[in-house]
Visitor: 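Before I ask anything, here is the structure I am working with.
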Amino acid sequence: MTRIVGICGSLRAASYNRGLLRAAAASLPPGATLEVAEIGALPLFNEDIEKPEWPEPVQGFRRVLWTADAVLVATPEYNAGIPGVLKNAIDWASRFEGLGGRTAPEGDARKTPLQDVPVAIMGATPGSLGTARSQQQLRTVLLNVGMRVMPSPEAYVGGAKGRFAEGELADEASRAQVAKVVAGLVAWAGLAGRRAT
Ligand SMILES: Cc1cc2nc3c(=O)[nH]c(=O)nc-3n(C[C@H](O)[C@H](O)[C@H](O)COP(=O)(O)O)c2cc1C
């Protein structure tokens, strides 16, 4: 069983990237599950509000992440970079246990719910570069927080307006690309999913 936790880097109701995650959920191999962890209720990161304990939405977000065998991020690109809401979520999840309370399950000795977790990135945009620049930045950030970033396959869904129909990813080539990323992530979780417990 591979439990994948999805994160969408857009809060927009009709988000293309949320659509990518739905396409990913539709292409899961047997034995894999995908649950999206919501980031819209997280407050802006501020060390001053870590005490006496992390705000409830942060604790809930972290608890979902602790259950992940793998993480799948679908992100837009904002001004050639990572959307602020996504970076904010990563910053909250990157804080060490104890700094704002404890959210780790009993017996899990990792310092954060991101540590050693296999992760894959994909992205969609109406633009022509397919979120390549934000994905590149995101790789650097995810490596820095100790995640095991899948080197390939990658999914850059540019020209999204022509590839989505009624909010769903309709373009066959793009759907195949997403399915490849999902299959790759499940395999990567088998290879790289060792935990520090
Ligand atoms: C502040 C802002 C900056 C943006 N910058 C870029 C950009 O640098 N590259 C790009 O491809 N699209 C850019 N876009 C367009 C987004 O790709 C587009 O809004 C996309 O639909 C957002 O993803 P979503 O559909 O998942 O919400 C930008 C949009 C906003 C609101």
Side-chain angles (χ1 to χ4, degrees), residues 4-29 32-45 57 61 64-65 68 70-94 114 117-145 147 149-186 188:
I4 301 172
V5 171
I7 299 177
C8 181
S10 168
L11 305 183
R12 199 169 72 87
S15 161
Y16 292 124
N17 286 283
R18 179 70 71 152
L20 283 192
L21 285 174
R22 284 194 297 274
S27 76
L28 290 170
T33 63
L34 173 60
E35 176 193 353
V36 176
E38 299 299 337
I39 64 172
L42 298 173
L44 289 177
F45 182 77
F61 178 59
V64 174
L65 285 174
V71 168
L72 178 59
V73 183
T75 184
E77 177 173 285
Y78 284 171
N79 297 315
I82 303 171
V85 291
L86 178 58
K87 182 61 164 53
N88 186 56
I90 295 165
D91 290 341
W92 276 119
S94 74
L114 302 178
V117 178
V119 59
I121 305 167
M122 55 188 183
T125 170
S128 57
L129 298 180
T131 72
R133 295 170 297 184
S134 64
Q135 288 197 41
Q136 196 55 41
Q137 289 184 8
L138 188 56
R139 273 172 192 276
T140 303
V141 170
L142 297 180
L143 285 168
N144 192 63
V145 299
M147 298 191 84
V149 181
M150 184 171 79
S152 67
E154 302 171 298
Y156 301 101
V157 179
K161 277 185 187 143
R163 298 186 196 275
F164 280 77
E166 293 174 3
E168 305 305 325
L169 185 61
D171 173 58
E172 274 312 315
S174 303
R175 288 186 72 84
Q177 198 56 44
V178 169
K180 265 192 188 173
V181 168
V182 172
L185 180 59
V186 171
W188 180 241

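Positions are given from 1 along the sequence.
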Visitor: For Leu143, enumerate each residue passing the side chain to side chain contact (heavy atoms under 4.5 Å, CB included) test, keeping only those at least two apart in sequence or located in another chain.
Guide: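 Val149.
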Visitor: What residues, two or more places apart in sequence or in another chain, satisfy salt bridge (charged side-chain N to carboxylate O under 4.0 Å, His left out) together with Arg175?
Guide: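 Not a single residue meets the salt bridge (charged side-chain N to carboxylate O under 4.0 Å, His left out) criterion with Arg175.
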Visitor: Could you tell me which residues satisfy side-chain hydrogen bond (donor to acceptor under 3.5 Å, both in side chains) with Asp91, sequence neighbours excluded, listed by chain and number?
Guide: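 Testing Asp91 for side-chain hydrogen bond (donor to acceptor under 3.5 Å, both in side chains), a comparison that skips the adjacent residues, returns Lys87.
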Visitor: Under the ring-ring contact (aromatic ring centres under 6.0 Å, His included) test, which residues partner Tyr16, sequence neighbours left out?
Guide: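 Tyr16 satisfies ring-ring contact (aromatic ring centres under 6.0 Å, His included) with Phe164 once adjacent residues are dropped.
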Visitor: Provide the closest heavy-atom pair for Leu34 versus Gly6 in the form atom of the first, atom of the second, distance.
Guide: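 Distance-wise, the nearest heavy atoms are CD1-N, 3.5 Å.
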Visitor: Can you check whether Phe45's main-chain N or O pairs, donor with acceptor, with Asn88's side chain at less than 3.5 Å?
Guide: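 At least one qualifying donor-acceptor pair exists.
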Visitor: Determine whether Ile4 and Val186 make a side-chain contact, defined as any pair of heavy atoms from C-beta on separated by less than 4.5 Å.
Guide: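 Answer yes - side chains close enough.
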Visitor: Sorted by first residue and then second, give each salt bridge (charged side-chain N to carboxylate O under 4.0 Å, His left out) pair with at least one member in residues 13-27; sequence neighbours left out.
Guide: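 Applying salt bridge (charged side-chain N to carboxylate O under 4.0 Å, His left out) to every pair that reaches into residues 13-27, excluding sequence neighbours, yields Arg18-Glu38, Arg22-Glu168.
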Visitor: Got a sec, which pairs hit side-chain hydrogen bond (donor to acceptor under 3.5 Å, both in side chains) with one end in residues 136-145, sequence neighbours left out?
Guide: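 Sorted result for residues 136-145: Arg139-Glu154.
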Visitor: Roughly how far, to the nearest 0.5 Å, is CG of Leu20 from OG of Ser15?
Guide: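 If I round to the nearest 0.5 Å, the distance is 8.0 Å.
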Visitor: Let me check something: any side-chain donor-acceptor pairs from residues 117-131 under 3.5 Å, sequence neighbours excluded? List them with distances.
Guide:
from   : atom 1 : to     : atom 2 : distance (Å)
Thr125 : OG1    : Gly127 : N      : 2.9
Thr131 : OG1    : Gln135 : NE2    : 2.9

Visitor: Under the rule for side chain to side chain contact (heavy atoms under 4.5 Å, CB included), what residues qualify as partners of Ala37, not counting sequence neighbours?
Guide: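 Ala37 satisfies side chain to side chain contact (heavy atoms under 4.5 Å, CB included) with Val5, Phe61, Val64 once adjacent residues are dropped.
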Visitor: If you look only at pairs with a residue in residues 119-145, which of them pass as a ring pair (Phe, Tyr, Trp, His ring centres under 6.0 Å), with sequence neighbours excluded?
Guide: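 Of all non-adjacent pairs touching residues 119-145, none passes ring pair (Phe, Tyr, Trp, His ring centres under 6.0 Å).
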Visitor: Taking all heavy atoms of Ala74 and all of Leu21, pick out the closest pair and write down the distance.
Guide: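 That closest heavy-atom pairing would be CB-CG, 3.8 Å.
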Visitor: Could you point out which residue of Asn17, Val141, Leu11, Leu138 forms a side-chain contact (heavy atoms from CB on, under 4.5 Å) with Leu86?
Guide: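 The passing option is Leu138.
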Visitor: Taking all non-hydrogen atoms of both residues into account, name the closest pair between Gly9 and Val85 and its distance.
Guide: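 That closest heavy-atom pairing would be O-CG2, 3.4 Å.
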Visitor: Can you list the residues that meet the side chain to side chain contact (heavy atoms under 4.5 Å, CB included) rule with Pro151, with sequence neighbours excluded?
Guide: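 Residues passing side chain to side chain contact (heavy atoms under 4.5 Å, CB included) with Pro151: Trp188.
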Visitor: For a quick test of reading the model, state the closest non-hydrogen atom pair linking Gln177 to Pro153 and the distance between them.
Guide: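 Here Gln177 and Pro153 meet closest at NE2-CB, 4.3 Å.
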Visitor: Do any pairs count as a salt bridge (charged side-chain N to carboxylate O under 4.0 Å, His left out) and have a residue in residues 70-83, sequence neighbours left out, and if so which ones?
Guide: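 Residue pairs passing salt bridge (charged side-chain N to carboxylate O under 4.0 Å, His left out), neighbours aside: Glu77-Arg133.
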Visitor: If you compare all heavy atoms of Ile39 against all heavy atoms of Cys8, which two are closest, and at what distance to 0.1 Å?
Guide: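 In this case the closest contact between Ile39 and Cys8 is CD1-O, 3.3 Å.
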Visitor: Mind checking whether Thr75 and Pro83 have side chains closer than 4.5 Å, heavy atoms only?
Guide: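 Contact flag for Thr75/Pro83 side chains = yes.
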Visitor: Mind listing the closest non-hydrogen atom pair of Ala23 and Leu169 along with its distance?
Guide: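 That would be CB-CD2, 4.0 Å.
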Visitor: Not counting sequence neighbours, which residues clear side-chain hydrogen bond (donor to acceptor under 3.5 Å, both in side chains) with Ser134? List them please.
Guide: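 Per chain and number, Ser134 pairs via side-chain hydrogen bond (donor to acceptor under 3.5 Å, both in side chains) with no residue.
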Visitor: Is any side-chain heavy atom of Ile7 closer than 4.5 Å to a side-chain heavy atom of Ile90?
Guide: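 The answer is no, as the side chains (C-beta and beyond) never meet within the 4.5 Å cut-off.
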